[in-house]
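Written below as structure tokens is the structure these notes are about.
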Amino acid sequence: MTIAMPPRMTIEIEAYARRLTTASGAPAGPIRTTQARMLAGELRAAHRRALAVRDTAAAGLHSHHAWTLTQLCISIYGRPSKVAAVRKAVENAARPRRQPEANAEEALLLAQHDVRELWALYKQAKELEKTSYCEAKPEIALDLPDEPSALIAAAAAQIRELASRHADLVQRRNRAAAALTVHAGWTKRQAARLAGAAVRDLYPHERKTTKEEANPKLVANLAGEARHLDARRTALIRARDTTIRKLPASTGPAELARLARLSDERVIQIRDGICSNACSAQVRST
């Protein structure tokens with residue numbers, strides 16, 4: 001028996017659609033990009049859950065009601081050209097409970113409807129992220145003294161303090177992003193994008209996460225704080241280096257190195273305007 005199910009949207013899908021509409025109406029920029037990334041991650045996870053429900057229903061029809069793989073393929077895709085994919089899905093599905101054939105078919109059709117709707121919304125969220133992205137350039141106000149030597153020393157102290165705070169913040173951010181993959185069904189790629197991290201940064205934290213940390217807003221907030229600290233540290237380094245270059249040559253590298261907490265060699269590089277990739281890495285670590 002074939003049941004014709006009327007089109008419908010679940011409360012969950014309606015909520016996602018409303019959030020996507022709201023995000024689309026916001027001006028392009030970092031906030032809309034973050035909203036799009038959050039939606040994309042949540043929708044991808046919801047899509048995977050819907051696939052699991054659909055495949056369990058299909059497995060029930062196959063094992064309990066003798067539906068062939070071809071029948072299932074036609075019911076799901078409207079054509080028999082993806083039998084191999086259906087076979088793999090049925091074999092990997094959770095063990096289904098026995099229920100009347102009509103109920104199992106209804107569950108299959110409803111779940112497949114959710115799969116299609118969630119995937120369509122996911123693609124819209126990805127497109128929104130693409131069209132929203134722009135490099136955030138926060139305004140940074142530095143509280144530094146005017147006297148050059150005092151400025152260099154103050155900048156050095158703040159850079160060191162920021163480095164410690166940034167390292168701790170990044171660890172918390174990466175752990176929360178890893179929690180999304182462990183407890184909320186996010187893909188590692190989606191979680192890393194929201195966090196502004198590399199996928200490899202999430203692996204060390206996977207076994208230490210808690211369900212409470214699996215919160216997209218937490219990840220987004222920590223990522224925003226990390227970007228702000230990065231921008232502040234960059235501004236401090238720029239102020240320090242600019243001041244070093246402006247000082248007369250009579251101020252020796254050793255004295256500047258002591259004030260800036262750098263090596264003599266790095267001071268000479270700054271004065272000469274040398275900044276290779278290796279120097280850039282050294283600057284970020286100072």
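Note that the numbering runs from 1 along the sequence shown for the chain.
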Look at the side chain of [X] and the backbone N and O of [Y], then say whether any donor-acceptor pair between them is shorter than 3.5 Å.
X    : Y    : result
H65  : Q99  : yes
Q71  : T68  : yes
D201 : A198 : yes
R175 : K208 : yes
R245 : I270 : yes
R232 : A141 : yes

*Does atom CZ of R116 have more than 12 heavy-atom neighbours, drawn from other residues, nucleotides or ligands, at distances under 6.0 Å?*
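Yes, because the 6.0 Å sphere around CZ of R116 holds more than 12 heavy atoms from other groups.
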*asked:* Counting neighbours of CD on E265 that are heavy atoms of other residues, nucleotides or ligands and sit closer than 6.0 Å, is the number greater than 12?
replied: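 No, not enclosed.
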Considering only heavy atoms from C-beta outward, does the side chain of [X] approach that of [Y] to under 4.5 Å?
X    : Y    : answer
I152 : L247 : yes
I140 : L236 : no
K82  : Y77  : yes
I74  : R79  : no

*What do the steps show when you test K126 against Q190 for side-chain contact (heavy atoms from CB on, under 4.5 Å), and what is the final call?*
CA-CA 10 Å; K126 291 295 292 179; Q190 295 288 158; 3.9 Å; yes
*Where do L121 and I13 land on the side-chain contact (heavy atoms from CB on, under 4.5 Å) test, with the steps shown first?*
CA-CA 9 Å; L121 290 173; I13 294 176; 3.8 Å; yes
*asked:* If hydrophobic clusters are built by linking Ile, Leu, Val, Met, Phe, Trp and Tyr wherever their side-chain heavy atoms come under 4.5 Å apart, do L61 and V86 end up in the same one?
replied: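 Both belong to a single hydrophobic cluster.
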*Passes side-chain contact (heavy atoms from CB on, under 4.5 Å), R266 versus L256? Steps please.*
CA-CA 10 Å; R266 180 66 191 130; L256 291 174; over 6 Å; no
If you compare all heavy atoms of [X] against all heavy atoms of [Y], which two are closest, and at what distance to 0.1 Å?
X    : Y    : answer
D264 : A254 : OD1-CA, 3.7 Å
E12  : A46  : OE2-CB, 4.1 Å
G185 : R48  : O-NH1, 3.1 Å

*Could you tell me the separation between the CD1 atom of I244 and the CZ atom of R271, rounded to the nearest 0.5 Å?*
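I244 atom CD1 to R271 atom CZ measures 8.0 Å (nearest 0.5 Å).
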*Where do L194 and L180 land on the side-chain contact (heavy atoms from CB on, under 4.5 Å) test, with the steps shown first?*
CA-CA 10 Å; L194 180 60; L180 290 177; 4.3 Å; yes
*Option from R227, R233, H228 for which side chain to side chain donor-acceptor pair (under 3.5 Å) with D230 holds*: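 Answer after filtering R227, R233, H228: R233.
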*Are side-chain N/O atoms of Q35 and R32 paired as donor and acceptor at under 3.5 Å?*
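Side chains of Q35 and R32: no pair found under 3.5 Å.
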